[in-house]
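Please read the structure below before turning to the comments.
Heavy-atom basis, side chains included; hydrogens, waters and symmetry copies ignored. Below, read A as the first sequence line, B as the second, and so on, with proteins coming before strands; counting in each chain starts at 1.
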Amino acid sequence: MINSLFLISHSGDIFLEKHWKSVISRSVCDYFLEAKEKAGDPENVAPVLQTPHHYLISIYRGKLFFLSVTQTEVPPLFVIEFLHRVADTFQDYFGDCSEVVIKENTVTVYELLEEMLDNGFPLATESNVLKEMIRPPTILRSVVNTLTGGSNVGGTLPTGQLSNVPWRRAGVKYTNNEAYFDVIEEIDAILDKSGTTVFAEIQGVVEACVKLTGMPDLTLSFMNPRLLDDVSFHPCVRFKRWESERVLSFIPPDGNFRLMSYHVSSQNLVAIPVYVKQNISFLETGSCGRLDITIGPKQTMGKSVENLTVTIPMPKSVLSVNLTATQGTYTFDLTTKVVLWDVGKLNPQKLPNLRGSISIQTGSPKPEENPSINIGLQIQQLAISAGLKVSRLDMYGEKYKPFKGVKYVTKAGKFQVRT
Amino acid sequence: MSSSSAFNEEKGGSSSVGEPEYGHDPASGGIFSSDYKRHDDLKEMLDSNKDSLKLEAMKRIVAMIARGKNASDLFPAVVKNVACKNIEVKKLVYVYLVRYAEEQQDLALLSISTFQRGLKDPNQLIRASALRVLSSIRVTIIVPIMMLAIKEAASDMSPYVRKTAAHAIPKLYSLDPEQKDQLIEVIEKLLADKTTLVAGSVVMAFEEVCPERIDLIHKNYRKLCNLLIDVEEWGQVVIINMLTRYARTQFLNPNINESLLEEGGGADKTFYGSDEDEDEDEEEKEKKAEAAAMAKRKPYVMDPDHRLLLRNTKPLLQSRNAAVVMAVAQLYFHLAPKAEVGVIAKALVRLLRSHSEVQYVVLQNVATMTIKRRGMFEPYLKSFYIRSTDPTQIKILKLEVLTNLANETNISTILREFQTYIKSMDKDFVAATIQAIGRCATNIGEVRDTCLNGLVQLLSNRDELVVAESVVVIKKLLQMQPEKHSDIIKHMAKLTDNIQVPMARASILWLIGEYCEHVPKIAPDVLRKMAKSFTNEEDIVKLQILNLAAKLYLTNSKQTKLLTQYVLNLAKYDQNYDIRDRARFIRQLIVPTEKSGALSKYAKKLFLALKPAPVLESPFKDRDHFQLGSLSHLLNAKAGGYQELPDWPESAPDPSVRNVEVPEWTKCSSREKRKEKKVEKPFYSDSEGESGPTESADSESDSASGSESGSEGSGSASESEESGGVSVSEEEEEEEEEEKKTKKRELKKAVQESESEQSSEEEDRKHERKMKQQKSDSESESDEEEESESESSQSESDDSESEAEVRKKKKAAESKPPSKPAKRETTKEKKEMSLLDLDDFEPAPSPQVTPVNNLFSNSLVTDLEGLSLSEAVLLPATITPSSALKSYELLHRITGEGLSVEYCFSRQPFSPDANMVAVQMQFTNSSASDTKSLHMEDVKLQSGMRVKEFPEIELLPAGETATAVMGIDFCDSTQAANFQLCTHTRKFFVSIQPPVGELMRPVFLTENEFKKEQGQLMGMNEITEKLTLDAKCRNEHAIVQRVTTAANLSRVPCGSDKECRFAGRTVTSGSLVLVTVATREEGAAQLTINCEKMVIGTMLVKDILLALTQ
C-alpha cells in the first residue's frame, strides 16, 4: 500500500524519508515540488498526483508536507487518513508537529514510523499501543514526572496490541482519579452583506481527559440526545448501546481523546452570537479605500463573548492599511495581505470598532470584490445548541470514586461574513 | 536541492543527532570530519562493549538513513549487533537491516539465524517481531525460509503471530511471485481464522496476492460480515472494499426493476434489440410495460447474505475514520437498493468538516454520486456552499456538486450563490463559476434567459478573464436558440475591440459568422476590422476570421467579396501551414472556377449547416464505473493493481457455496451445551437451518442471530455457520423462500412424517432424506426432528458415530495432499504389519523394528559406491571422485599477463586445520619470462573467516605449471575470500567464492543414524522441493553422481531403491547436512534437505536442484 514517506518542508526541503518496501529514490518528489511551485499556495496542491510510475498522495500539516508514494491502487482516503494519524501522533508525542521538532527527534520519529506501518499496511496506530513501545521524549516525560532514564524504547513488550481494548493499556494507576469532558460546539456560518444567515450549522465534539485507575467502564448520558443528528465515535464506544439506549458506554483510553463528534440537526435554528456591521469600499478614483467594522452581541444567552478575532484577507493589490481600533490591536501582514484584529472580550456597553483607510497600489484597477470577514470567538460555559447537556456519568468495574467534570464551550468554526 | 541546502542539512543533522553528553565526540564534529572518518568512528562505537555507545552510534546511523544518506558501508559492523541484549539497539539494528539487506544480500544472511531462533521463542511478541523482520529482508535466497516461517506462523497459537504471518504474505509474494500457489494455501488457511486481529491483514494479503480467487471467500463470507465491526479500522476498509467486489459477483442487482423503469437506455437496450429509431415515447411505454410485467413475474428478493452485508456495514458509517466511512459509502452506493442509499449522504457531508485533503477526495466521490443519485444530497445543498477561505481545488469541486444538484426548485438559490462567487478574487474559481452557470442554463430551460442575461452583464466586467470565459459560455448557450438573441450577438461584436483573449475573440467571430444573417449590417464591418488586424492575431483567431470571411462571402458576397479575397491572400502567405491550408481549401470551395465545379455548389450547405448545440456535461459523468473511493476513480484512469468492479450477474450464482461445514468438535461442544444426551449426528447432516441462507430477505426479525455480532461476535458467527453444511441448492429454492410462511402450518406434518420414516430407514437413506429436507426446514422443525431422531435411533447411535468417524478419517486422509509422500511411502512399507497408522507423525524408527542387515542386503552396488566415496575421504591421495572436479578460474591468462591460475576444491581434509576447506590452485606460466616469488598478500575477509596461505612459490619458469594448496575457513557462508596474488612484479586482486556444496565434508552414517538425525531436523530445518529429473538422470547411479558432484557428501546406505540419501557436515561448525532424493514415476522426484543451518540448506537445495534437472 504505502511504499515510502517523505517529509518535505514548506520551502521544499526533503528532510526525512522512510521506506517500507524497496527504496524509492527521492527524485520522485520532484514531480510534487513542481506541482507545488505551480499551485503557489500549499493548500492548493492536489492531494493526489500521478507520475509515470508512482502515485503521490500528500497532506499539508503544520507547514509540512507528508508525501507518501504508492505504486498500486489504494483508497486515497486510506492513505490521507493514515498520514493525518501520523501527524497526530507526532503532535501527541512532541507537542507540536513542525520541521524543527521532527528534526530534533529524528530517531524517535523513525521508530514510530517503523511501528506504524508494516509493509505499507497500518500496524499500530493507536497512541496507547505506540506509547507502550516507544516512550515520548525525555523533556516531556520529565515534565510529566513519570520516568527517568535514557532509552525511549519501552523495555516491556507491547501487550496492548494483543488486547481486545487496544486503546487502553493495562495496569494504569493514578492517585487522583479524574474524568473530564469538554463539550465543544462550533458554529459554522455564512452571513451575507446584510447580516442574514445564508447557512449555519452547529458541529460539536466531546473531548475527554480521563485519568482513571484500572479498567473502568463508563457510561455517559445526555439530557436531550435526540438533538444529535449525526454522530461519530471513538472506537471504544459501544455502538449497540447508543442505538438502543442513546447512552455512551465505553472503556476509555488513557489520557486525552475525542470521544465523539456530532452534528446538531438542522431543524433547530442556529443562534448567531454576534452581529457585524461593516463597510468596506474601494474608491473608483484615487488608489484608496475605506474600512469600518463594528461588532456587537446578538444571541449570547447572557454569556460574554471572549477571544474575539477578526480576520480579513485583503485583495492582492492592497499596499497598506491605516486603521484605528477602539479595542484590541490589529496587524497587517504585507505578504499575505491579511488584516488580523485581535479584539479580546466583547464589551456590550462599548462596541469595538475598527476603521481607517486602505491604500492600493497606484495604477491597479479597483478590486472587484470586497473581502470577506472571518470571525473567531469563544463563549465559556455555553453549549450553543441549547439543550445538549451531560446528565450523568457512571462508572462500573472499579471501586473508587472518581472526580468528574464537564465543561461547555462554544466557538466560532468557519464563521464568515460576506461583504 | 542546491548545495547550500545540503550543507544546512548536514549541519542540522549532526547537531540534532549528537546529544550533549557526546558533544565532545569527534564523530559529531560536523562539517570538518569527512564521511569516511565519521563512519570509522561509528564502527568503533559499534564494536565497543558499552550498550550506551552502541545505542548512540545506532541512533546516528538511523538519523543518517532518515535523512536519505547512504550508510550501507557500515553493514558488517551493524549486523554484528543483531543479537544485542539492549532492546533499543536491537530495534534500531532491525531498522537498519531491513533498509539495507536488499543491497547487501550476502551479509544479511548472517543475521538470519537470529531471527530463526526468535521464531521459536515462547513469547508470542518475539515470535511475531522475528517473523516481521525476517519477512522484511528482501533477499531472494531466503525465500524458502520465509515460506516455512510463514507456514509455521500461520498455525501459531497466538492470533498476533498469525496476523504477522498474514502481513508477511504480500512481502514474500513481491519478492518471489512464483510462490503464489503455496501462499494461496496459507491465505486460505488464514481466511478461515476466526479472530478479528487476523481478518483485516489476511484480506489485505488476499487482495495483493490473489484478488481473482473470489472462491476462497465463499466459506468465510458470513464470518467476515459478522466480525467486521470488531476488526481494526484499517482492516475494515480493506474488507469492505473486497466484499463490495464479492457481492457484485454473487448477488443480484437490487435495483434491477428500477433501472429498467428509469434509465431505459444503456445496458437494457441491448436486451431488447436495437430499435432505437422507433418513436422514443412508444418505446419507453413499451419498456415500462415490459418491465412492470417482468417485475410481477419475478419479484426481486434480496439474498439474505446481501442483506447481512448491508446491515453489518451500516454502523461503520459512524466511524471516526474517514476511510472507513468512505468505504461503507461506496459499498452502499454500489450494492444497496436505491431507497437505502440515502443514509450515506449524512455521513459523507460530515466528512466535509475534516481536513482539506479529506474534503478533496470526498467531494470527488460526492460529485460522481450526485450525477447518478441527485436526490440523496439535495437536503445538504447548503453544506456545499463555498467559503472564500476554501482552497481553489475545493471550491471548484463544491461548484461541481452544486451544479449537479441544481434543479428547477433550487436553481434560484444556487444562482444567487453563484452571483456572489463571481465576485471572488480567485480568478480560476470565477471562470469555473461561469462555466457552471452555463451548465445550469443548458440543463434547466426555465433559467436559460436569466443566466444569459447575467452572463451578458459579465461582459462588461473589468477582468478580461471573466469576460472571455463568459463569451465562450454565451457562445455555447446562444447556439441553442440564436434567433432570439441578435442583440446579444451585436453586443458581443462590439467587444472585439476590447477583448484580447484569443479564445474569446475566436468565439465571437464564430458566433457572428454562424449567425451573420441575424446581424447583416454588423458582420461585414467586423470582418473589415479583423482583416486589418489579421496579421497580428493568434492562430485560432485567424482561422475563425477565415471562417467568418467564407460564411459572409456565401451569404453576402456583394459587400464582402473584396474583403474575403484580401483575407484569403493574407492567409495564403501566413507562417502557419494550417492557416495556409485552410485558405487554399476555402478559396477552392467558395470561389467558383471552372475546375471546382461540383463541390462549390454545396459550399453553403457545408459551411452553414445546422450545427447541434454542444452538450455541457459534468466531467464526473460515467466515472462511477470505477469503484468509488478508489484511486482509479479519483484519477479517472485505471491505476496499477485496480480490480474492476464486476457487473451484476444476470442470475444469482449458487448461494449455498457460502454455507459452512462445521468441524465436528465445534458442533459437539455447542450442541452438548444445549442437549446433553443428544447423540452426535454424522457430520455432513446439517438440517437445522438456524439462520440465514434459506430465509427470505426482508424478514428483519429472524436475522437476529446474525446481528448480535457486537459483543459476542465469534459466538454468533460460529452459530450461524452451523446452519450451513453441504446443502444442495436447487432452483426451487426461491419459490420455497416465498412459501416460507405457509410452511409453519405444514410443520407438524413434516415432523410426523420424519418420525415415521425414520424408524424404518437405514442410515444411508437418512442422509439422503435430510439433505432434501434441509432446504425446507425451519429451526424449530429441525430441532424437534433431531430430538425425535435421537430417541428413535438411540440403539444405532454408537454404530453410526463410529462409522462417521471412520468415514471422516478416510476423507481427511484422501483430501490431504501427500506433503511428504516419499517418506510416508517408506514408513508405510515398513510398518505394514503394525496396526497403528501414524500418519502425520514420523518418529525415527527404533533399531529393533528395522533390523540392520535388511538394509544392507538391499542394494549392494550402491552401498559399495557409498563406501568407496567415504574411503576416498580417508585417503590422503589426490584421487578424484568419479567425475572430475570442477575447476574455476582465479586469474585469466590475459589479465595475469601470462600467468593464469585455476583453482578447484580438492575435497581433501586440509591437514593443518580441519575447519578449513582445501583449495587446490594450479599456476601456469604461459608468458615468455619466469615468474618469481609467487605468494599472497592483503587478505580481506568477512569477520570470522580465516585463511591459511599457500607456501610461496619461489620460481615458476616460463611454460611451467605448479600446484599449491591453501586452506580457507569460510565460516559456513558463501562469502568470497578476497586477496592479492603477488609476483615479483605485479599484484592481482582475486577472490575465491565457494559453491555451497564445497562447504561440507562427507560423513558416514547408517540408515538408522540418518533417520534419527533427520527426525531431529524437522520443521524449519527441513526443506522439501519437488522436481522433475533430467532425462539422462533417471537412474540411481546418475543421481548419486550428480549429487556428489554438486556437494561434497557421502552416500548413506538405504533400504529402498527409490531413495538416495546423502550426509555431510559443514566444515566449520560441523552441522549435519542430510539430503534425500526420492524418485517417483516418470522422472518425478522429491528432494529433501535437513540442515540446522537453513541458509546452507536453501542454497544447497538450489544447487542440487540445478544439478538434477539439467
Top residue by heavy-atom pair count (under 4.5 Å) with chain A, among [options]?
options                                : answer
B:Ala66, B:Pro391, B:Gly641            : B:Ala66
B:Gly235, B:Ser383, B:Ala637           : B:Ser383
B:Leu92, B:Val349, B:Thr164, B:Leu317  : B:Leu92
B:Leu351, B:Leu635, B:Thr196           : B:Leu635
B:Met204, B:Glu233, B:Arg353, B:Glu232 : B:Arg353
B:Thr413, B:Leu634, B:Val324, B:Leu628 : B:Leu634

Not counting sequence neighbours, which residues clear ring-ring contact (aromatic ring centres under 6.0 Å, His included) with B:His167? List them please.
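So B:His167 forms a ring-ring contact (aromatic ring centres under 6.0 Å, His included) with A:Phe121.
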
Who passes ring-ring contact (aromatic ring centres under 6.0 Å, His included) against B:Tyr360, sequence neighbours left out?
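Scan of B:Tyr360 (ring-ring contact (aromatic ring centres under 6.0 Å, His included), adjacent residues dropped) gives none.
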
Heavy-atom contact with chain A under 4.5 Å, split by part of [X]:
X        : result
B:Gln359 : side chain
B:Glu102 : side chain
B:Asn241 : side chain
B:Ile386 : backbone
B:Gln330 : neither
B:Thr389 : both
B:Ser136 : side chain
B:Val466 : neither
B:Val358 : both
B:Val362 : side chain
B:Ala347 : backbone
B:Lys163 : side chain
B:Ile65  : both
B:Gln627 : neither

Against chain B, work out which of [options] has the most heavy-atom pairs shorter than 4.5 Å and name it.
options                             : answer
A:Asp192, A:Val231, A:Leu16         : A:Val231
A:Thr70, A:Val45, A:Leu33           : A:Val45
A:His84, A:Glu114, A:Lys18, A:His19 : A:His84
A:Val48, A:Asp188, A:Asn374         : A:Asp188
A:Ser22, A:Ser261, A:Ser11          : A:Ser22

Got a salt bridge between [X] and [Y], using NZ or NE/NH1/NH2 to carboxylate O under 4.0 Å?
X        : Y        : value
B:Lys382 : A:Glu201 : no
B:Lys346 : A:Asp230 : no
B:Glu357 : A:Arg61  : no
B:Arg320 : A:Glu81  : no
A:Asp118 : B:Lys171 : yes

Contacting moiety of [X], where chain B heavy atoms sit under 4.5 Å:
X        : answer
A:Ile59  : both
A:Ser58  : backbone
A:Asp41  : neither
A:Met260 : neither
A:Ala87  : neither
A:Ala39  : neither
A:Trp242 : neither
A:Tyr60  : both
A:Glu126 : side chain
A:Arg85  : side chain

Rounded to the nearest 0.5 Å, how far does [atom2] of [Y] lie from [atom1] of [X]?
X        : Y        : atom1 : atom2 : value
A:Gln416 : B:Asp390 : CD    : CG    : 8.0 Å
A:Ile80  : B:Met326 : CD1   : CE    : 11.5 Å
B:Arg132 : A:Glu115 : CZ    : CD    : 5.0 Å
A:Ile190 : B:Thr420 : CD1   : OG1   : 8.5 Å
A:Phe78  : B:Leu631 : CZ    : CG    : 13.0 Å
A:Ile312 : B:Ser388 : CD1   : OG    : 11.0 Å

Would the distance check show the side chain of B:Arg138 and the main-chain N or O of A:Lys21 forming a donor-acceptor pair, the cut-off being under 3.5 Å?
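Yes; at least one donor-acceptor contact below 3.5 Å.
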
Under the 3.5 angstrom rule, does the side chain of A:Glu73 hit a backbone N or O of B:Gln643 as a donor-acceptor pair?
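Such a contact is absent between A:Glu73 side chain and B:Gln643 backbone.
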
[X] and [Y]: which non-hydrogen atoms are nearest, and at how many Å?
X       : Y        : value
A:Leu77 : B:Ala322 : CD1-O, 3.6 Å
A:Pro47 : B:Gln393 : CD-OE1, 3.7 Å
A:Pro76 : B:Ser630 : CD-C, 3.6 Å

Side-chain heavy atoms of B:Val62 within contact of A:Thr106, under 4.5 Å
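Result no, sub-4.5 Å side-chain heavy-atom pair not found.
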
Is there a side-chain contact (heavy atoms from CB on, under 4.5 Å) between B:Glu417 and A:Val198 once you walk through the steps?
CA-CA 9 Å; B:Glu417 245 335 85; A:Val198 176; 3.7 Å; yes

Could you walk me through whether B:Arg350 and A:Gln203 satisfy the side-chain contact (heavy atoms from CB on, under 4.5 Å) test, starting with their C-alpha distance in whole Å, then the side-chain angles of each, then the deciding distance to 0.1 Å, before giving a yes or no?
CA-CA 9 Å; B:Arg350 164 164 36 91; A:Gln203 304 275 356; 5.5 Å; no

